[in-house]
Amino acid sequence: MCRFYTGTPVFPFGYGIAYTTFTIKNNTDFTAQTLSTAAASTASAAYSVTVTNTGDVTGDEVVFAYFSPSQVPEVGAVQKQLFGFQRVHLAPGGSVCMYACMHVDGWMNE
């Protein structure tokens with residue numbers, strides 16, 4: 001018996017109806033090396049994205065931050081882990097930089 005659903009979902013997590021559109025720009029370049037360095041030094045790594053309301057009306061967007069190990073461990077292990085989320089309320093054309101901190105100790109297996 002599998003512990004996690006491995007099929008293709010009908011709708012992605014967080015899918016919903018919105019009256020406006022958003023773009024999310026990744027401001028952080030994570031690699032296995034940078035995460036290994038973070039794990040060895042501070043056991044955490046900061047992550048940043050810029051969210052922009054590109055639509056014509058004010059709206060809310062919830063940004064989810066996930067971590068996926070570069071080498072998937074044994075069958076049944078976690079393949080994707082939510083480590084942060086935040087809701088933002090933006091007027092048309094508005095932007096905000098959002099941050100999340102990922103604690104990488106326990107994720108890195110050298």
Side-chain angles (χ1 to χ4, degrees):
M1 174 182 243
C2 186
R3 185 173 157 195
F4 302 98
Y5 180 69
T6 57
T8 303
V10 175
F11 297 102
F13 185 73
Y15 182 86
I17 297 174
Y19 297 102
T20 191
T21 55
F22 295 91
T23 59
I24 300 175
K25 179 184 172 237
N26 181 3
N27 300 327
T28 309
D29 182 28
F30 278 143
T31 64
Q33 181 61 40
T34 58
L35 289 177
S36 293
T37 302
S41 59
T42 62
S44 66
Y47 183 78
S48 165
V49 296
T50 300
V51 180
T52 303
N53 182 342
T54 56
D56 296 328
V57 296
T58 299
D60 285 15
E61 177 71 341
V62 179
V63 178
F64 297 94
Y66 292 94
F67 172 76
S68 294
S70 59
Q71 296 178 357
V72 178
E74 67 277 352
V75 175
V78 174
Q79 295 180 11
K80 188 189 294 187
Q81 175 70 45
L82 177 69
F83 70 86
F85 65 93
Q86 187 173 356
R87 177 182 295 270
V88 62
H89 183 78
L90 290 172
S95 290
V96 66
C97 191
M98 302 173 77
Y99 300 90
C101 185
M102 179 176 61
H103 300 282
V104 295
D105 55 328
W107 280 103
M108 302 305 295
N109 295 322
E110 307 256 8

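Just so it is clear, the model here is predicted, and its values are computed rather than measured.
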| query | What pairs with Thr23 under side chain to side chain donor-acceptor pair (under 3.5 Å), at least two apart in sequence or on another chain? | reply | none

| note | Heavy-atom closest pair (Tyr99 atom, Gln86 atom, distance to 0.1 Å) is O-OE1, 4.1 Å

| Between Phe83 and Ala100, what is the shortest heavy-atom contact and its length? | CE1-CB, 3.8 Å

| query | If every non-hydrogen atom of Thr58 is compared with every non-hydrogen atom of Pro92, which pair is closest and at what distance? | reply | OG1-CD, 3.5 Å

| Value rounded to 0.5 Å, distance of OG in Ser48 from CG in Asn26 | 8.0 Å

| request: For Val96, check side chain to side chain contact (heavy atoms under 4.5 Å, CB included) against everything at least two apart and list the hits. | output: Val51, Val88, Leu90, Met98

| request: Could you name each residue pair satisfying salt bridge (charged side-chain N to carboxylate O under 4.0 Å, His left out) that touches residues 83-103, not counting sequence neighbours? | output: Asp60-Arg87

| Closest approach of Thr20 and Val57, non-hydrogen atoms and distance? | OG1-O, 3.2 Å

| task | Applying side chain to side chain donor-acceptor pair (under 3.5 Å), name anything that partners Thr54, two or more places apart in sequence or on another chain. | result | Thr21

| query | Say you draw a straight line from CG of Leu82 to OH of Tyr66; how long is it, rounded to the nearest 0.5 Å? | reply | 5.0 Å

| query | Residues two or more places apart in sequence or in another chain: which of them pass salt bridge (charged side-chain N to carboxylate O under 4.0 Å, His left out) with Asp56? | reply | none

| task | Would you confirm whether Thr50, through its side chain, and Lys25, through its main-chain N or O, come within 3.5 Å as a donor-acceptor pair? | result | no

